[in-house]
Amino acid sequence: MEQQFCQSCGMPLTDENRGTNADGSRREDYCVYCYKNGEFTQEFTMTQMIEFCLQFFDQWNVQAECKLTPIQAKEQMLQYFPHLKRWKEKDERTLAEKATHLLSQCENVTVVSIDANGYPRPVQMSKIGARGFHEVWMATCADSVKVNDFKANNKAGLCYDYYGDGVAMRGTVEVVTDDAIRKEMWKDWFIHHFPGGASDPNYVLLHFTGTEATFWINGEYSHSNI
């Protein structure tokens with residue numbers, strides 16, 4: 001019998017590793033790591049799937065008795081994956097819709113302030129809320145360096161990425177101290193940083209709004225104003 005391969009990640013299929021449909025029956029075209037109980041286990045783009053699979057290329061080299069470098073493996077995947085069933089189907093979403101989904105996959109973002117000497121100061125922060133692909137809320141201390149930066153100069157950068165797809169933006173940051181908004185955005189785990197709860201005077205929000213974006217999603221590059 002001819003060897004079959006997962007039409008999502010390219011893994012050789014066996015009776016033991018095939019995916020399952022919603023009714024529990026065996027799926028013939030996808031592995032269980034990509035497709036289970038009638039749905040894909042990861043909402044990846046093709047390039048994200050490639051980056052995900054590259055984590056296991058050392059193991060694949062051993063099993064296939066190959067000595068590919070990561071670059072060589074990636075080049076082979078970029079040639080092979082477009083022929084797999086999952087990636088043959090055109091993604092009809094707009095770039096903004098793809099970027100919005102990408103942001104939903106990210107727990108952290110990198111926000112950039114401008115310091116007193118005019119230098120960018122990038123800091124990774126937890127994303128606590130978002131709207132679309134270009135608005136992000138973060139929580140921080142009122143006496144932090146970045147808050148002082150943004151009070152002096154509200155110009156900002158923000159970027160996020162997930163398995164090779166990414167968005168980078170320029171825009172502005174508002175330091176939010178409104179009690180109602182702080183209460184609305186409060187998360188239980190904040191208590192470790194702000195023992196006074198949602199009314200803690202040292203608890204503030206950063207609200208980033210992008211005005212310009214550079215997209216790199218599933219091999220598609222674009223730059224535009226928002």
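Everything numeric here is computed off the predicted structure, so don't read it as measured data. Along the sequence shown, residues are numbered consecutively beginning with 1.
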Worksheet entry | Donor-acceptor contact present, side-chain Glu174 to main-chain Thr172, <3.5 Å | no

Discussion item. Treating Gln3 as the side-chain partner and Leu13 as the backbone partner, does any N or O pair qualify as donor plus acceptor under 3.5 Å?
Written reply: yes

Worksheet item: When clusters are formed by joining ILVMFWY residues with side-chain heavy atoms under 4.5 Å apart, either directly or through shared neighbours, do Leu205 and Val112 land in the same one?
Response: no

Discussion item. Please determine whether ring pair (Phe, Tyr, Trp, His ring centres under 6.0 Å) holds for the pair Phe44 and Tyr163, giving the CA-CA distance in whole Å, both sets of side-chain angles, and the decisive distance to 0.1 Å.
Written reply: CA-CA 9 Å; Phe44 281 157; Tyr163 283 112; 5.4 Å; yes

Discussion item. If hydrophobic clusters are built by linking Ile, Leu, Val, Met, Phe, Trp and Tyr wherever their side-chain heavy atoms come under 4.5 Å apart, do Phe208 and Ile114 end up in the same one?
Written reply: no

Item to complete: May I ask you to test the Ser224-Phe215 pair for a side-chain heavy-atom distance under 4.5 Å?
Response: yes

Discussion item. For Ala73 versus Leu54, what's the shortest heavy-atom pair and its separation?
Written reply: CB-CD2, 3.9 Å

Worksheet item: To the nearest 0.5 Å, what is the distance between CD (Glu135) and CD1 (Ile226)?
Response: 9.5 Å

Worksheet item: Does atom CG of Asp188 have more than 12 heavy-atom neighbours from other groups under 6.0 Å away?
Response: no

Fill in: Under 3.5 Å: donor-acceptor pair, side chain of Asn225, backbone of Glu212
no

Item to complete: Please examine the side chains of Ile217 and Leu95, heavy atoms only from C-beta on, and report whether any two atoms are closer than 4.5 Å.
Response: yes

Worksheet item: Is there a donor-acceptor pair closer than 3.5 Å between any side-chain N or O of Asn17 and the backbone N or O of Pro12?
Response: yes

Worksheet entry | Spacing of OG1 belonging to Thr100 relative to CD belonging to Gln105, to within rounding of 0.5 Å | 11.5 Å

Discussion item. Give me the atom names and distance for the closest heavy-atom approach of Asn202 to Asp200.
Written reply: N-OD1, 2.9 Å

Worksheet item: Hey, is Arg182 close enough to Glu184 for a salt bridge, meaning N to O under 4.0 Å?
Response: no

Worksheet entry | All salt bridge (Lys or Arg N to Asp or Glu O under 4.0 Å) counterparts of Arg121, not counting sequence neighbours | none

Discussion item. Taking Val111 as the starting point, is it possible to reach Phe190 by hopping between hydrophobic residues whose side chains are less than 4.5 Å apart?
Written reply: no

Fill in: No-hydrogen, no-angle side-chain donor-acceptor test under 3.5 Å, Lys146 and Thr140
yes

Item to complete: Examine distances only and state if a side-chain atom of Asp23 and a backbone atom of Ser25 form a donor-acceptor pair shorter than 3.5 Å.
Response: yes

Worksheet item: Do the side chains of Met125 and Val204 join up, straight or via other hydrophobic residues, at under 4.5 Å, putting them in one cluster?
Response: yes

Worksheet item: Among all residues two or more places apart in sequence or in another chain, which pass the side chain to side chain contact (heavy atoms under 4.5 Å, CB included) test with Glu43?
Response: His101

Worksheet item: Are any side-chain N or O atoms of Asn21 and backbone N or O atoms of Gly24, one a donor and one an acceptor, separated by less than 3.5 Å?
Response: no

Discussion item. Looking at Thr69, is its backbone amide N or carbonyl O close enough to the side chain of Gln72 to form a donor-acceptor pair, meaning the two atoms are under 3.5 Å apart?
Written reply: yes

Worksheet item: Is the ring centre of Phe56 less than 6.0 Å from the ring centre of Phe52?
Response: yes

Worksheet item: Under a 4.5 Å cut-off applied to non-hydrogen side-chain atoms, are Arg18 and Val32 in contact?
Response: no

Worksheet item: Considering only heavy atoms from C-beta outward, does the side chain of Asp161 approach that of Val167 to under 4.5 Å?
Response: no

Show every donor-acceptor pair shorter than 3.5 Å between a side-chain atom in residues 77-86 and any protein atom, with sequence neighbours excluded, or say none if there are none.
| unit_1 | atom_1 | unit_2 | atom_2 | d |
| --- | --- | --- | --- | --- |
| Lys85 | NZ | Asp29 | OD2 | 2.7 |
| Arg86 | NH1 | Ser8 | OG | 3.0 |
| Arg86 | NH2 | Gln42 | O | 2.9 |

Worksheet item: Considering all heavy atoms of both residues, which atom of Ser113 and which atom of Asp149 are nearest to each other, and what is their separation?
Response: OG-OD2, 2.8 Å

Discussion item. Please tell me whether Phe133 and Tyr160 form a close aromatic pair, meaning their ring centres lie under 6.0 Å apart.
Written reply: no

Item to complete: Indicate yes or no: does Glu107 engage Lys127 in a salt bridge with an N to O separation below 4.0 Å.
Response: no

Worksheet item: From Leu206 CG over to Ile128 CD1, what is the distance, rounded to the nearest 0.5 angstrom?
Response: 9.0 Å

Worksheet item: Under a 4.5 Å cut-off applied to non-hydrogen side-chain atoms, are Met185 and Tyr203 in contact?
Response: yes

Discussion item. Under a 3.5 Å distance rule, please check whether Asp165 uses its side chain to pair with a backbone N or O of Tyr162 as donor and acceptor.
Written reply: no

Response to the item:
In this structure, CG of Leu158 is separated from CE of Met138 (nearest 0.5 Å) by 5.5 Å

Worksheet entry | Shared hydrophobic cluster, Trp216 / Leu102 (ILVMFWY, side-chain heavy atoms < 4.5 Å) | no

Item to complete: Could you tell me whether the side chain of Met11 reaches within less than 4.5 Å of the side chain of Phe5, counting heavy atoms only?
Response: no

Discussion item. A side-chain contact here means heavy atoms from C-beta on lying under 4.5 Å apart; do Met49 and Glu51 qualify?
Written reply: no

Discussion item. Assess the residue pair Ser144 and Phe150 against the criterion (side chain to side chain contact (heavy atoms under 4.5 Å, CB included)); give the C-alpha distance rounded to whole Å, side-chain angles, the decisive distance to 0.1 Å, and a yes or no.
Written reply: CA-CA 10 Å; Ser144 65; Phe150 288 128; over 6 Å; no

Worksheet item: Do Val109 and Leu103 have side chains that get closer than 4.5 Å, going by heavy atoms?
Response: yes

Item to complete: Hey, could you give me the CD/CG distance between Glu39 and Asn37, rounded to the nearest 0.5 Å?
Response: 7.0 Å

Worksheet item: Okay, side chain of Asn218, backbone of Glu220: is any donor-acceptor separation there less than 3.5 Å?
Response: no

Discussion item. Please check this pair: side chain of Thr110 against backbone of Cys159, looking for a donor-acceptor N/O pair closer than 3.5 Å.
Written reply: no

Worksheet item: Taking NZ, NE, NH1 and NH2 as the nitrogens, is one of them in Arg93 or Glu97 under 4.0 Å from a carboxylate oxygen of the other?
Response: no

Item to complete: Look up atom CD in Gln4 and atom SG in Cys31, then write down how far apart they are to the nearest 0.5 Å.
Response: 13.0 Å

